[in-house]
Amino acid sequence: MPVQLLKMMKGQSETPLPSHLQKENLQHLQEGRDYTNKYIQETFIVTGFKVVKLPTAGKDGRHDCHLEVSEEAGSAVYIYTKPGTTAASETASVSVAPKYVYTPLNHLKDGTIVNLYGVVKFFKPPYISKGTDYCSVVTLMDPSNVKLTCSLFSGNLDSLPKIYKVGDIVRFHRIKIREYNGQMQGITSGGFASLTFDGTVGAPIVPRTSSREYTFMDEEQKTIEDLRIWAASNISVSGPAAKLSGVQPMLFFDLTCQLVGKAKVDGSSFLLKVWDGTKCPYPTWKVPVEAKDLEGEKVLLHQLRNLAVDILVYDNHVQLAESLQIGSFLRIYSIHTKQASADNEDVSHIEFHLHGGTCYGRGIGVLPESNPDVKELKAFLESVDLTDSQNMESMCSMDIDSTFGNVTDLELHLQRCQQLSVTVLTDHQDLSNTELKTITNSPAPQQYRIRAKLRTYKPQKLHQSVKLHCSKCNSLQEVPDRDEFDFILHNSATTAPNPELHNASWYESVTWTTQDQKREIAIHFVKRDEMLQHPEDTLLMIEGGTLKEIWKLAKRFKCVIPVRSTEDDLELLDLSAPFLLQGSVKYYGCKKCSTPKPVKNLSSIAAEQQLSWEPTEIAQVLGIELLQYVFIMKFTLVDETGALNAYLFDYEKFFQIPASEILTNNFLQQKMQMTMDTLCPPGRKLGDLPWLECFIRSYNVRDAMKNQVYYQIFDTTVAEDVV
DNA sequence: TTAGGTTTTG
C-alpha cells in the first residue's frame with residue numbers, strides 16, 4: 001500500500017489531489033462498487049503495519065516506503081468519523097484483504113500457526129465434547145499425500161467448519177500445529193477461521209462459513225479447482241449413502257432425511273422419526289413411546305406412518321438430538337441397520353440405531369436448506385403423494401407385491417432368485433433330489449442332494465458365526481476379543497527388552513523409550529542375505545508394543561510377531577494372543593496342540609529362495625498348530641415334505657468370503673449380510689423364499705444317553721450372480 | 001479442558 005504525504009497549509013493541501021478523483025462520503029460506501037477514482041477524506045489510524053522500502057524510492061516523487069498491513073500480522077485500520085456523517089458506530093474497523101500464505105501438509109512444523117487447504121478425508125460432525133465446547137475432528141489430505149488430523153473446538157457450533165461429506169474442501173486460517181504421538185496435529189487457536197467448499201469437480205465455488213467477513217481471492221478459485229481434481233482420483237468417498245428404499249441390513253450407512261418427530265425414550269436414548277420420501281422394503285421397528293412424549297405434527301406423522309422410520313440415538317447423541325428442530329434436514333452418519341427377529345416372530349424387522357460414541361464419524365449433522373442434497377430431497381418430498389403412501393398400507397409391507405410401484409433393484413434380484421436356485425453344487429451333479437422327510441426318516445450316515453428353502457438361520461448376528469477351528473484336535477473356540485490381546489500385551493510390556501538379544505545375525509533391532517519413559521519398545525527386523533527388505537516384504541518381531549502400534553505396523557509390514565525377551569532368547573506371547581498379524585488378519589495357535597519352538601527357526605524361512613512368509617509355514621517352524629477361521633451356522637431348511645437343521649461349516653467356499661477377513665472388513669460383512677438376505681429375505685412369506693440346492697450329509701453323534709443324527713452342508717456354494 | 005478417527009451388540 002503506497003503512502004504519499006500531502007503537506008497541509010492552513011487546512012489546504014499544498015499539492016492538490018489529481019483532478020479525476022471524486023470525494024465519496026463514508027455513509028454512501030457500498031460493497032462491490034468500483035472506487036478506483038474515488039477517495040474518502042477522513043482521519044485514519046493504522047496499527048500493526050510493516051514498513052517496506054520501495055525499490056523505486058526517490059524516482060516518482062512518492063514517499064520511499066510502503067506501509068504493509070495484513071490481518072495475519074494483526075493490522076487494523078481505524079477511521080474517525082464526524083458525528084452525523086454516518087449511521088455506524090463512532091469507530092468503524094475495516095479489515096484489509098491480506099495476502100495469505102498456505103502451507104502444504106508435508107511442510108507443517110511443530111508449534112507454528114499456519115493457514116492451509118485440504119480435502120476432507122474423514123470427519124466427525126460437531127458434537128458436544130466432554131469439556132465446555134463443541135468438537136469436530138477433521139482429517140485432511142492434500143496433493144503431498146500427507147494426512148493431518150485436526151481437533152477443532154468452539155463454544156459456538158457455527159464457527160466450526162460446515163463439512164457435510166468426505167471430499168469437501170476446507171481452508172483453515174490460523175490453525176495451530178502441534179506434534180502428537182510422532183505426527184503433526186492441528187488444533188484450533190485464537191482467531192481460527194474456516195471456509196468449506198463442495199469438493200465436486202465443476203460444482204459452484206461457494207464458501208460455507210459463519211464469518212461475516214472473509215477474504216477469498218480469485219487465485220484461490222484455482223486452488224479449489226485443482227484440489228477437486230486431485231481429490232477425484234485420490235480420496236475415496238465415504239461409506240454407502242442410502243435411501244430408505246435401498247437399505248439392507250447393511251450394518252452402517254449415512255442417511256439424508258427430514259425430521260418429522262422426536263421423543264424422549266429414557267435417559268440414555270432418544271427417538272428421531274425421519275423420512276426421505278422412499279419406503280423401506282422391510283418391516284421396520286416402531287419404538288414404543290408415550291403419545292405425550294412425541295413431538296411433531298400429529299397429522300403429518302399419521303400420514304407418514306408407513307414412510308417414516310424410527311431411529312434410536314444413544315448416549316452422547318441424545319443432547320444434540322433433543323435440540324433438533326422438527327422439519328429440519330439432517331444427515332445422520334453411520335446409522336446401524338440391524339436385522340432382528342424375536343423367536344415368536346415369523347418375520348424379522350429392521351432396526352435403526354445411532355450408537356453411542358463418535359468413532360467412524362458417527363453423529364448427526366443439520367444441513368442448511370441451501371445444501372444441494374437438501375434441495376433435491378425437498379423437491380422429492382414435495383412430489384410424494386401422501387394419499388398413495390396411505391394406500392400402500394393395504395399392501396402389507398411384509399408381503400411385497402411385484403407390482404409395487406417402486407420396484408427396487410433388490411426386488412428384481414429377488415424375483416430372479418425365486419426361479420433359479422441361489423446356491424449351486426460344486427460336485428455330484430448327477431445325483432437326484434431327495435425330499436427332506438425321506439432324509440429325516442433314514443439312518444445316518446448318508447449323502448443327499450436337496451432342493452429346499454432357507455426358513456431361518458442362526459446366528460442372526462453374522463459376526464457371531466465366525467469361530468476358530470483346530471483341525472488337529474477338532475476343537476472350536478471363540479475368536480479372542482481385543483481386550484484379551486491388549487491385556488497380554490500390557491503384561492508382556494512389563495518385561496523390558498533384553499539388550500543382549502538385539503541385533504542377531506538374522507535380524508536388526510531398533511529400540512526406543514516412550515515419551516513418558518514408561519515403556520521400552522524393541523523392533524527386530526528379520527533380514528534376508530544379511531540385508532533388510534522392503535517393508536511390504538518384511539517380517540518383524542516387536543516387544544513392548546501396544547495394540548494400536550502393532551495394528552499400525554501390521555498394515556505397513558508383511559508380518560508382525562509380538563514377542564518378549566527371556567534371559568537367553570525371544571519367545572512368543574501367550575497363545576490367547578495372535579502369534580502373527582498380517583494386514584488386518586490375526587492368526588492364532590491352538591493352545592492344546594502347539595509346542596512353541598525357538599523363534600530363530602524363522603531364519604530358515606528367510607533364507608528360502610522364494611520368500612513368501614506364508615502363515616502356515618511360519619506356524620510350522622514356530623511349532624504352532626494354526627487355528628483356522630471358519631463360519632459355523634445353522635440353517636433351518638424346509639421343503640413341501642418337512643424340515644431339518646443343517647450345519648454350515650465353511651472356511652471360504654460357501655460364501656466365497658474368507659472367514660479370516662470378515663471380522664475386520666466392513667465391505668465383506670455387508671456382502672455376507674446381503675448374501676444372507678438373498679438366501680433368506682427378511683419379511684417374506686415361505687412361498688416367496690428362493691430355492692437352495694445343496695448337498696448335505698447326515699452323521700451320528702453319540703453320547704452316553706442317546707444317538708443323534710446331524711446334517712452338514714457340503715460341496716455347495718452361493719450362486720455367482722448372488723454374491 | 002474438550003480430542004487425539006478405527007463402529008454396538010441397547
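In what follows, every chain begins at residue 1, and chains take the letters A, B, ... in the order their sequences are listed.
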For this session: Describe the nucleic acid contact of A/Leu152 in one word from base, sugar-phosphate, nothing, applying a heavy-atom distance below 4.0 Å.
Result: nothing

Exercise. When all nucleic acid strands are considered with a 4.0 Å heavy-atom cut-off, which category describes A/Tyr127: base, sugar-phosphate, or nothing?
Worked result: sugar-phosphate

Exercise. Taking atom C1' of B/dG4 as reference, at what distance in whole Å does atom NZ of A/Lys176 sit?
Worked result: 15 Å

Seminar exercise, completed: Residue pair A/Lys338/A/Arg482 against DNA chain B: nearer the 5' end by closest nucleotide is A/Arg482

For this session: Looking only at side-chain atoms of A/His463, point me to the closest of B/dG10, B/dT9, B/dG5.
Result: B/dT9

Problem set entry | Ring-on-base stacking B/dT2 with A/Phe153 (under 5.5 Å, under 30°) | yes

Exercise. A/Tyr117 and A/His173: aromatic ring centres closer than 6.0 Å?
Worked result: no

Exercise. Is any side-chain nitrogen or oxygen of A/Lys548 closer than 4.0 Å to OP1 or OP2 of B/dG5?
Worked result: yes

Exercise. Looking at B/dG5, does its base get a donor-acceptor pair with the side chain of A/Thr139 below 3.5 Å?
Worked result: yes

For this session: Among A/Ile364, A/Leu320, A/Leu157, A/Val137, find the one that has a side-chain contact (heavy atoms from CB on, under 4.5 Å) with A/Tyr127.
Result: A/Val137

For this session: Just compare B/dG10, B/dG5, B/dT2 and give me whichever is closest to any side-chain atom of A/Ser268.
Result: B/dG10

Exercise. Counting distance only, does the side-chain N/O of A/Asp110 pair as donor-acceptor with the main-chain N or O of A/Glu179 below 3.5 Å?
Worked result: yes

Exercise. Does A/Lys461 put a side-chain nitrogen or oxygen below 4.0 Å from OP1 or OP2 of B/dT8?
Worked result: no

Exercise. In whole Å, what is the span from the CD atom of A/Gln183 to the P atom of B/dA3?
Worked result: 19 Å

For this session: For salt bridge (charged side-chain N to carboxylate O under 4.0 Å, His left out), just list the numbers for A/Lys273 and A/Asp310, CA-CA rounded to whole Å, side-chain angles, deciding distance to a tenth of an Å, and then say yes or no.
Result: CA-CA 5 Å; A/Lys273 281 181 181 285; A/Asp310 284 7; 2.8 Å; yes

Exercise. Which part of the nucleic acid, if any, lies within reach of A/Cys135 when heavy atoms closer than 4.0 Å are counted: base, sugar-phosphate only, or nothing?
Worked result: sugar-phosphate

For this session: Describe the nucleic acid contact of A/Gly356 in one word from base, sugar-phosphate, nothing, applying a heavy-atom distance below 4.0 Å.
Result: base

Exercise. What about A/Phe631 and A/Phe655, are their ring centers closer than 6.0 Å?
Worked result: yes

Exercise. Below 3.5 Å, does any donor atom in the side chain of A/His336 face an acceptor in the base of B/dT9, or the other way round?
Worked result: no

Exercise. Atom CG of A/Asn316 to atom C1' of B/dT2: distance rounded to whole Å?
Worked result: 13 Å

For this session: For B/dT2 and B/dT6, measure between their P atoms and round to the nearest Å.
Result: 16 Å

For this session: Kindly point out which of B/dG10, B/dT2, B/dG4 is positioned nearest to the side chain of A/Tyr314?
Result: B/dG10

For this session: Would you mind reading off the distance between A/Ile311 atom CD1 and B/dT8 atom P, rounded to a whole angstrom?
Result: 18 Å

Problem set entry | Among B/dT1, B/dG10, B/dT9, the one nearest A/His355 by side-chain distance | B/dG10

Exercise. A/Gln339 and side chain to side chain donor-acceptor pair (under 3.5 Å): which partner among A/His349, A/Glu351, A/Gln673?
Worked result: A/Gln673

For this session: Quickly work out the A/Lys147 NZ to B/dT6 P distance and round it to whole Å.
Result: 12 Å

For this session: Check the distance between B/dT1's P and A/Lys130's NZ and give it to me in whole angstrom.
Result: 16 Å

Exercise. What interatomic distance, in whole Å, is found between P of B/dG4 and the corresponding atom of B/dT8?
Worked result: 14 Å

Problem set entry | Atom-to-atom span, CZ of A/Arg362 to P of B/dT9 - whole angstrom | 9 Å

Problem set entry | A/Thr538-A/Lys558 side chain donor-acceptor pair, cut-off 3.5 Å | no

Exercise. In whole angstrom, what separates A/Lys124's NZ from B/dA3's P?
Worked result: 9 Å

For this session: Report which part of the nucleic acid A/Ser269 touches: base, sugar-phosphate, or nothing (heavy-atom distance under 4.0 Å, all strands).
Result: nothing

Exercise. Under 4.0 angstrom, heavy atoms only, what part of the nucleic acid is A/Asp315 near: base, sugar-phosphate, or nothing?
Worked result: base

Problem set entry | Near-parallel close stack of A/Tyr180 and B/dG4 base (under 5.5 Å, under 30°) | yes

Exercise. At under 4.0 Å between heavy atoms, what does A/Arg178 touch on the DNA or RNA strands: base, sugar-phosphate, or nothing?
Worked result: base

